[in-house]
Novice: 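Quick one: structure below, then a few questions.
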Amino acid sequence: MKTLIRYATVVFPDAVLQANILIEDHRILAVDAAEHSRADEVVDARGLFLLPGVIDDQVHFREPGLTHKEDLWHASRACAKGGVTSFLEMPNTKPPTTSRARLYEKLQLASQRSAVNYGFYIGATGENIEELRRADRTPGIKIFIGSSTGELLVDDQAALERIFAETTLPIAAHCEDEATIRQNAGSLPRPWSVADHSRIRDHRAAWIGTRRATELARRHRHRLHVLHVSTGAELELLKEHANVITAEVCPHHLFFNMEDYPRLGTRIQMNPSVKTAEDNRMLWQALLDGTIQVIATDHAPHTLEEKAKPYPDSPSGLPAVENSLALMLDQVNRGRCTLSQVVRWMCENPARVWDIVGKGCIAPGYDADLVLVDMHKEAEIRDEEQWTKCRWSPWHGTRLQGWPVRTWVMGRLVFDRGKINDQVRGSEIIFDHSRGGFWAAQDYP
Ligand code: DOR
């Protein structure tokens, strides 16, 4: 099967040019094909931009065990709609993904249910070091250094030392300091309101958590990816140990802050918490100057019913996969960054950080995971139009300019102007950890 995408403006790693892309089966065959190349399907993409599919390296899709909130089928369709062609999912499901057997079960489940490409982290418990050492078919080890949804937590220093010393897979860490969180909670008068979430999970908790993780990475020379950085203060820690450490920021930490609690309440209750407008500004700056390399969503759905419980009974987390790319395209239209930068943060860099084979850029031989975007299209995010199972978005009512209109996964058109092709299934993402990660990557065109 051959598809020709003609006349699109293509975002290549080092240029943005009009080109004709020829896809054969699941791969990109040529990026400079003749406009009349023989193909089974020809797409005229005049006036549209073609990007590599987004790789979201932090999502919570809740299957198995929490499927009243979300499941692989809904979440992966939401991904396709949002231009996300690959996801890396976190282990805090029920049961948690803390052994190879559970990891393989998830891979098997996803092969039947996911519309986009998939990978799953293995979670650290403090007692499963042998599983962590022997795990394969995974981007890496997830450690919750601070507690969040679910029971996974490793905050004991000796247990952390062992994981960093005795395992080799890259580590992704949720960096908030549990002792500081508990101390803050203990000293804050009750009753609490949702704004207290940012006082309990405060700047200090984030900074100490990130310092613990970055110290461990430096001492053990162990690759570390700091998930969802939420404060400007953490940035200095990332710069200090740059050669083994990468980091990411989420859209909610770029776009929301404590001043939004009166308007949005528990919809923006997240771990780490949202912080201040100055943190928003500093995190943007960190993306622009390369201190933070990746944008991921931390898509963490809960039902609106659960979110309506009074704080602190309301759970932390918000959904985002179907809007993350549009949120960033809108920023491009506002002149805050370029399309090439968005592609670097959301496609190319996640592929490098996690040693993903054949993804992250548009080049011959790479997988045909592609998204066509219309930079003129304007639409408002509406709760009732969300495809995620929980059917709401913290950006409800926000109008954006710049939207994905078509998405291909491994050469197959899975999303086409509002419609899903339910026949398409994603593939297991292949990781080659011998590449050595972001700082060692040399194999991109
Ligand atoms: O707020 C959050 N919710 N942060 C996380 O890191 C986990 C997530 C969840 O799974 O609900």
Side-chain angles (χ1 to χ4, degrees), residues 56-72 74-75 87-98 106 120-121 123-124 140-155 171-178 181 194 196-198 200-202 205-206 209-210 213 225-231 234 247-258 260-261 264-275 294-307 309 311-321 324 388-390 392-394:
D56 191 332
D57 81 3
Q58 192 188 181
V59 302
H60 303 265
F61 284 173
R62 310 298 194 205
E63 188 166 352
L66 299 159
T67 51
H68 67 287
K69 298 177 198 274
E70 184 65 289
D71 57 34
L72 286 165
H74 284 87
F87 65 79
L88 304 180
E89 206 253 2
M90 287 296 165
N92 58 334
T93 42
K94 228 175 170 176
T97 323
T98 49
K106 267 195 178 174
F120 298 96
Y121 293 90
I141 298 167
K142 166 70 183 282
I143 311 181
F144 284 90
I145 297 178
S147 62
S148 195
T149 303
E151 270 121 52
L152 288 176
L153 171 68
V154 187
D155 71 331
I171 289 174
H174 178 122
C175 300
E176 288 184 290
D177 184 56
E178 194 59 20
I181 295 170
V194 66
D196 289 322
H197 192 63
S198 295
I200 294 169
R201 293 178 178 263
D202 64 352
T210 297
H225 185 65
V226 180
L227 299 163
H228 44 40
V229 177
S230 64
T231 71
E234 288 161 276
E248 81 188 27
V249 65
C250 302
H252 51 271
H253 290 127
L254 292 173
F255 299 121
F256 295 131
N257 58 60
M258 293 168 72
D260 295 307
Y261 280 127
L264 294 167
T266 59
R267 283 192 174 215
I268 54 163
Q269 179 194 330
M270 279 296 294
N271 302 333
S273 64
V274 298
K275 305 291 191 309
V294 170
I295 296 177
T297 61
D298 195 6
H299 178 92
H302 299 283
T303 65
L304 278 179
E305 219 178 358
E306 292 164 332
K307 282 294 219 179
K309 291 182 186 168
Y311 185 82
D313 297 333
S314 47
S316 296
L318 54 83
V321 283
S324 56
T388 174
K389 195 168 182 186
C390 67
W392 63 273
S393 164

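Remember, it's a predicted structure, so these values are computed and weren't measured experimentally. Order of listing sets the numbers, starting from 1, for every ligand and every atom in it. Counting begins at 1 with the first residue of the sequence.
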Novice: Would a 4.5 Å heavy-atom cut-off, applied to side chains only, mark Ile200 and Tyr311 as touching?
Specialist: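 Yes, their side chains come closer than 4.5 Å.
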Novice: Write down the atom of Met258, the atom of Val274, and the distance for their closest heavy-atom approach.
Specialist: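 The answer is CG-O, 3.8 Å.
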Novice: Write out the protein residues near ligand 1, meaning a non-hydrogen atom under 4.0 Å from one of its atoms, in order of chain and number.
Specialist: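 Ligand 1 pocket, heavy atoms under 4.0 Å: His60, Arg62, Asn92, Ser148, Thr149, His174, His228, Met270, Asn271, Asp298, Ala300, His302, Ser316, Gly317.
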Novice: Go through the structure and list residues passing side chain to side chain contact (heavy atoms under 4.5 Å, CB included) with Thr231, not counting sequence neighbours.
Specialist: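 With neighbours one apart ignored, the set is His203, Ala206, Ala233, Glu234, Lys275, Asp279.
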Novice: Mind checking side chain to side chain contact (heavy atoms under 4.5 Å, CB included) for Asp155 and listing every partner two or more places apart, or none if nothing turns up?
Specialist: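 Leu153, Glu178, Arg212.
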Novice: What residues form a salt bridge (charged side-chain N to carboxylate O under 4.0 Å, His left out) with Lys69, not counting sequence neighbours?
Specialist: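 For Lys69, the residues satisfying salt bridge (charged side-chain N to carboxylate O under 4.0 Å, His left out) (neighbours in sequence not counted) are Glu306.
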Novice: Look at the aromatic rings of Phe144 and His60 and report parallel, tilted or perpendicular, splitting at 30° and 60°.
Specialist: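 Taking His60 first and then Phe144, their aromatic rings sit tilted (interplane angle of 30° to 60°).
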